[in-house]
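Single-structure report; data block below.
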Protein chains: 2
Amino acid sequence: MMLTQKRRNLIERYVNQHELCRVNELCKLTSTSESTIRRDLIQMENQGLIKRVHGGAQSVKNFSRDVSQHIRFNINHDAKIAIARYAVQKFVHAGDYIFIDAGTTTYEMVPFITKIPHVTIITNGIETALCSLNHGIETLLIGGKVKDDTHAAVGQSALEQIKAMNFAASFVGVNGIDYNGNLTTPDPEEAAIKKAEITQAGHAYVLADTSKIGERNFAVFDNIKDVVVVTNRLNLSQKKALPAKVNLEEVQE
Amino acid sequence: MMLTQKRRNLIERYVNQHELCRVNELCKLTSTSESTIRRDLIQMENQGLIKRVHGGAQSVKNFSRDVSQHIRFNINHDAKIAIARYAVQKFVHAGDYIFIDAGTTTYEMVPFITKIPHVTIITNGIETALCSLNHGIETLLIGGKVKDDTHAAVGQSALEQIKAMNFAASFVGVNGIDYNGNLTTPDPEEAAIKKAEITQAGHAYVLADTSKIGERNFAVFDNIKDVVVVTNRLNLSQKKALPAKVNLEEVQE
DNA sequence: TCATTTTCGTTCATAAATATTCAAATTTAT
DNA sequence: ATAAATTTGAATATTTATGAACGAAAATGA
């Protein structure tokens, strides 16, 4: 007689490999009775390991507990890392309290910050906070209603929390920078948050890869004259899409 | 007769090498009785070195496991899921605004909440918030200083955010419930948060697997007379460790 | 639709594993 | 060295896992 747990492991593997299978198959596989298999399947369903269907069991590929995928699989990933590393190395100093905006580019800054001692990260991004903690960095989280697409905390309460603090520097993400130098993002609530992040910071840095240059979105939260734009190398047409007197930091990849 | 600690080391190594093994094997390996092996396994499980299964023991160290599987190897994981499911099915209703405390047992409630329409989750746990979002649930995050061990947001700002809300129900984790019925946790800051969670809720539920019964920690945040305790089935000695008039919900696994 | 077949849930007896208790042995502290 | 505390193994009580039996529910096919 096999150990119960070993049998369950066998069942889980078999169901996952076959996507769908019958109770009989599992009886043969494990040399046990139907009763036992049914009991196993009930328990495993309760644990969310499989899904029971009439006649057998079905696999459930459940990635929903994982750290969300859109952080790992996003466009321009290498450029974003380069920009993030540059921003940390040049603009983050020991002992700083810095705000890191929710977003994929700013998220990439976190691992590099471990090299700078005694930094405290304030963020409204859930993944950013989690990553920061996992790197052993002191972390302050801004709360509020969390947007289901960007996972950013927004709203009145979030605004008030930010306005009660002052940061050495803020690192802000952006969806578009238009020809007037307006910094834009689709959601007005997120725009309000970004505006506050910039206001409360001694220095404000906007991180934007080239795909953002020349784009416009609904909500304007500031203008590049008030911030430093950190981006990768721009070609001529991209430079023409921006105002002449930009405070630009071009990262050489 | 072998040194106790040496025997435990042997057991740990053997379990890790074999991934899963029976009690008899360990008896032969160490030339001791079943009683001793069982006692060892109980202690080692409490230390998180192994996981006990009916008939033997299982390794908790497997580097090929993904994130969701790591959660499954927490102590008393199955009991936590059973308690969480029961709490959701019995105490969460359509349209509710509910507070879910940071913690592993309360975390397990989230997947079950998808079956109840239009629930809004308020939480101070980062992982809980992320899981909630990934399941498409409306999520409000409490911000504050995030503790690096429990990943719970705490502090004055967090307290104020909680006190500005009212919940249909709060589901609170606990580290110990002592013989006076005091609900305890090691960190006073977390205790303050839990206290507020309970105060702001129409109904307060404390989720506690059996390992918490009879334990005491530094900070007391409330007493069981003010809450409903949801736990799995208690044996006699555990019941004796609690006051007589407990508002108890025992989950049958 | 109805009858047939298959699958499912429940119950029960049995066997295996676990928990509990207690006395003896061992270790630790004074 | 002696008492107290801890650890151990065996005995016994309790819990859990299993397989078979049987009626209920669901799928199948005419």
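What you see is a predicted model, and the numbers here were worked out from it, not measured in a lab.
- Counting all heavy atoms, side chain and backbone alike, B/T106 lies closest to B/F171 at CG2-O, 3.5 Å.
- A salt bridge between B/D222 and B/K194 is absent, with no side-chain N of the basic residue lying under 4.0 Å from a carboxylate O of the acidic one.
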For nucleotides 17-26 of chain D, give me one character per nucleotide, 5' to 3': B if any protein heavy atom sits under 4.0 Å from the base, S if the only such contacts are to the sugar-phosphate, - if neither. SBBB-----S

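- Atom CZ in B/R52 sits about 14 Å away from atom P in C/dA17, given to the nearest Å.
- Separating the CD atom of A/E25 from the C1' atom of C/dT6 is a distance of 15 Å, rounded to the nearest angstrom.
- Under the side-chain contact (heavy atoms from CB on, under 4.5 Å) criterion, B/A84 pairs with B/E108, B/M109, not counting sequence neighbours.
- If you take NZ of B/K6 and C1' of D/dT8, they are 19 Å apart, rounded to a whole angstrom.
- Using a distance-only test at 3.5 Å, with no hydrogens or angles considered, no donor-acceptor pair links the side chain of A/S59 to the main chain of A/N16.
- Protein atom CD of A/E45 is 14 Å distant from nucleotide atom C1' of C/dG9, rounded to whole Å.
- Atom CG in B/L26 sits roughly 11 Å away from atom P in C/dT18 (whole-Å rounding).
- Along DNA chain C, the nucleotide nearest to B/V53 and the one nearest to A/N24 differ in position, and the one closer to the 5' end is contacted by A/N24.
- The residue among B/G55 and A/R38 whose nearest nucleotide of DNA chain C lies closer to the 5′ end is A/R38.
- Counted by atom type alone, B/N175 and B/T185 present one or more donor-acceptor pairs between their side chains at under 3.5 Å.
- Counting only distance, with no hydrogens or angles, the side chain of B/N223 and the backbone of B/N180 share a donor-acceptor pair below 3.5 Å.
- Considering only side-chain atoms of A/R22, the nucleotide from C/dT18, C/dC8, C/dT6 that sits closest is C/dT6.
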